[in-house]
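These notes concern the structure reproduced below.
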Amino acid sequence: MVRADGRIKPDRNWYPENFDWYLKWVASLTILMSLSFRAAGVDWRNFDLGFGLVGVLLWLWVSVIWKDRALIMLNAVSAFMLATAILREI
């Protein structure tokens, strides 16, 4: 953590400058895989939920890096709903 202007900011030295670019693409591809399983039918629901949760959590990470509150809220609620659906499937 770096302290500047009385605020504590995360230190960006622990990951490369373009790390969020790779992370957002992996997250997007993971969500597309989830949608492919959803389109395949009900038999693939567990894969749909699993890949969806991973993709949304990765996008949540990206939105925290970007400090985008709308994306943080969207992905946090989506992750909660997907986790609830996974727990109901067990």
Side-chain angles (χ1 to χ4, degrees):
M1 298 294 219
V2 176
R3 198 166 178 86
D5 299 331
R7 290 193 245 178
I8 297 175
K9 296 197 271 186
D11 184 13
R12 291 189 57 140
N13 293 332
W14 68 273
Y15 58 87
E17 190 65 32
N18 59 353
F19 175 73
D20 56 338
W21 186 88
Y22 292 105
L23 191 60
K24 76 176 182 178
W25 278 104
V26 170
S28 295
L29 291 174
T30 305
I31 290 176
L32 286 174
M33 288 174 58
S34 169
L35 293 172
S36 298
F37 284 119
R38 185 172 303 165
V42 180
D43 296 337
W44 299 95
R45 179 170 168 80
N46 291 334
F47 289 104
D48 167 26
L49 293 173
F51 280 101
L53 180 62
V54 170
V56 165
L57 288 173
L58 290 174
W59 260 111
L60 180 60
W61 190 2
V62 171
S63 60
V64 168
I65 291 172
W66 289 353
K67 299 178 183 101
D68 188 330
R69 290 184 202 146
L71 285 177
I72 291 171
M73 188 264 316
L74 173 72
N75 290 303
V77 171
S78 298
F80 175 77
M81 292 177 139
L82 286 167
T84 302
I86 288 172
L87 290 175
R88 293 179 85 187
E89 291 289 321
I90 295 177

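Residue numbers count from 1 along this sequence. These numbers come from the heavy atoms of this one structure, side chains and all, not from hydrogens, waters or symmetry mates.
Note on M33: it does not cluster hydrophobically with L57, by side-chain heavy-atom contacts below 4.5 Å among ILVMFWY residues. In this structure, L53 is not a member of the same hydrophobic cluster as M81, with clusters built from ILVMFWY side-chain heavy atoms closer than 4.5 Å. W66 and I31 end up in the same hydrophobic cluster when Ile, Leu, Val, Met, Phe, Trp and Tyr side chains are linked at under 4.5 Å. Residues V62 and F19 share a single hydrophobic cluster, defined by chaining ILVMFWY side chains whose heavy atoms lie under 4.5 Å apart. Grouping the Ile, Leu, Val, Met, Phe, Trp and Tyr side chains by contacts below 4.5 angstrom, directly or via other members, places V26 with W61.
To the nearest 0.5 Å, atom CH2 of residue W25 and atom CG of residue L32 are 9.0 Å apart.
Between L49 and L82, the shortest heavy-atom contact is CD2-CD2, 3.8 Å. The minimum heavy-atom distance linking A79 with V56 is given by the pair N-CG1, 3.5 Å. Nearest heavy atoms, D48 versus S34: OD1-OG, 2.7 Å. Here the closest heavy-atom approach between residue L71 and residue S63 is recorded as CB-CB, 3.4 Å. The two residues L58 and A27 come nearest to each other via the heavy atoms CB-CB, 3.5 Å.
Not counting sequence neighbours, the partners of F37 by the ring-ring contact (aromatic ring centres under 6.0 Å, His included) test are W44, F47, F51. With sequence neighbours excluded, no residue forms a side chain to side chain donor-acceptor pair (under 3.5 Å) with S36. Evaluation of the side chain to side chain donor-acceptor pair (under 3.5 Å) rule for S78 yields no partner, not counting sequence neighbours.
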